[in-house]
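Down below is the structure, laid out as structure tokens.
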Amino acid sequence: MRNDKGTLLRPDPLPDSASYPVVTPLSPSVVYGSDTPDMLDQQYDGDLHGYTYSREGHPNADVVAKRVDRLEGAPHLGVVTGSGMAAVSAVLLGLTRPGDHIIGSNQLYGRTMRLMNDDLPRLGMHTSLVDVGNVDAVRDALRPETNMIIVEVVSNPTLRVADMDGLAQLAREKNVTLVVDNTFTTPRSYQPFAHGADIVIHSLTKLLSGHSDAMLGYVAARDADVLDRLRVFSVTTGLTPSPFDCWMTERGMLSFDLRFDRAQSSAKMLADFLAEQSGVTRVIYPGRDDHPDHKRAKDLLGDQFCNMVSFEIEGGRAAANAFSRGATGLAFAPTLGDVGTTVSHPASSSHRALTEDQRAALGMSEGFFRISVGLENPDELCAAFARGLAALKD
Ligand code: PLP
């Protein structure tokens, strides 16, 4: 019963207003009251739309889901989760059972890799990690019990581009679920559903939210039953997001297109700038002609090559430290997609668990850095990198 008379320990109803807020209201309520048990029954049966308990869903999550759905062309209302990893976990743990075999890219995000290497095998699932730039390698890894392939379009941090068309064709042919983590590429650059994916995942924490102040994930599925299983698993295991993070993310998403376009045009400029600097031994940017997957990147992404650039300097850890100290103004932080440029050093962060030889096999030395280009003035950005490179000569 609503507190129409403003009594007892319940908030007063919101004042009537003929006008409406232009900003989505934040709804922190964990529980929602229904007028009668009949109404609650109808809500649980899905005959009446209404929220009950925020772990099961809340307005701010649905507002974000709808917005990402639109960008991704998702066929049903997606599930918003408390982090990108919650979305990955919902897929890998909520849709598989002991005996299943799952193929993943050998360059997945580190925590996804951990699920593939440690948690899934502990629970009786089998996994294989392969080069998803090579469809024949994926075909060779298939087993009769393979039911899922999980990939990122552009790998982190070596920025290799998966053979998405080949993978989609193979997945269709073998009736295997194709899962695409679209965090790096974002729907502005690549829309997995339009290219044959069955499930799309996001860490909204990154470019879509864009300000490093909200942690959120998203998962959508082509098939309504699969999506329902993901939603039930996520509610049961408590992967639900906080309304505040959803509210912040919605606000961030309002400027997503503009941020993305600015960041990627600066990324191209920065990549070209770095390629001309002495002391830089390698620049990796899918939009450059010298990138090993440039043609595939162009075919898949058009001219939207995203905001990530990697580069390498000589001189091992000492040079990496000198560069980091010298490049004042840049944040050395293991994240991406922020309004400000962030530079990460995989050998001391995301890939620290690997041996030097394992990192070398992936093409990452101690002098390897990954840049997530932000919205700074591009000239000032290049100047910050120049300061770091100048420090190598000191
Ligand atoms: N997927 C990719 C490609 C990522 O880069 C990340 C995080 O960096 C995640 C998933 C996990 O997202 P979150 O940090 O929001 O859990």
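Remember, it's 1-based here, ligands and their atoms both numbered in the order they're listed. Predicted model only: the values in this text are computed from it and were never measured.
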So for ligand 1, is [X] a polar contact partner (N or O within less than 3.5 Å, distance only)?
X: Thr205; result: yes
X: Met215; result: no
X: Gly84; result: yes

Decide whether the shortest distance between a heavy atom of Lys206 and an atom of ligand 1 is less than 4.0 Å.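 It does; at least one heavy atom falls under 4.0 Å.
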Structural part of Arg111 in contact with ligand 1, heavy atom criterion under 4.0 angstrom: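 Arg111 to ligand 1: no contact under 4.0 Å from either part.
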Identify which of Thr335, Asp181, Leu336 has a heavy atom lying nearest to atom 1 (N) of ligand 1.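 The nearest heavy atom belongs to Asp181.
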Do Leu216 and Cys246 make a side-chain contact, defined as non-hydrogen atoms from C-beta onward lying under 4.5 Å apart?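 Yes - at least one pair of side-chain heavy atoms lies under 4.5 Å apart.
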Provide, to 0.1 Å, the distance between atom 11 (C) of ligand 1 and the closest protein heavy atom, together with that atom's residue and name.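 Heavy-atom neighbour on the protein nearest atom 11 (C) of ligand 1: Tyr109 CE2, 3.5 Å.
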Note the single closest protein heavy atom to atom 16 (O) of ligand 1, along with its residue, its atom name and the distance in Å. Met85 N, 2.9 Å
Thr177 pairs by side chain to side chain contact (heavy atoms under 4.5 Å, CB included) with which of Ile199, Asp223, Asn147? Ile199
Side chain to side chain contact (heavy atoms under 4.5 Å, CB included), paired with Val91, selected from Thr96, Val200, Leu230: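 Exactly one option meets the side chain to side chain contact (heavy atoms under 4.5 Å, CB included) with Val91, and it is Leu230.
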Would you please indicate if the ring centroids of Phe311 and Phe323 are separated by under 6.0 Å? yes
Centroid-centroid distance, His345 to Phe332, less than 6.0 Å: no
Taking 4.0 angstrom as the limit and counting only heavy atoms of Ser83, give me the atoms of ligand 1 inside it, by number and element.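 Numbered from 1, ligand 1 contributes 15 (O), 16 (O).
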Could you list the atoms of ligand 1 found under 4.0 angstrom from a heavy atom of Glu152? 3 (C)
Looking at Asp119 and Arg122, does any basic side-chain N land under 4.0 Å from a carboxylate oxygen? yes
May I ask you to decide whether Arg229 forms a salt bridge with Asp225, counting only side-chain N to carboxylate O separations under 4.0 Å? no
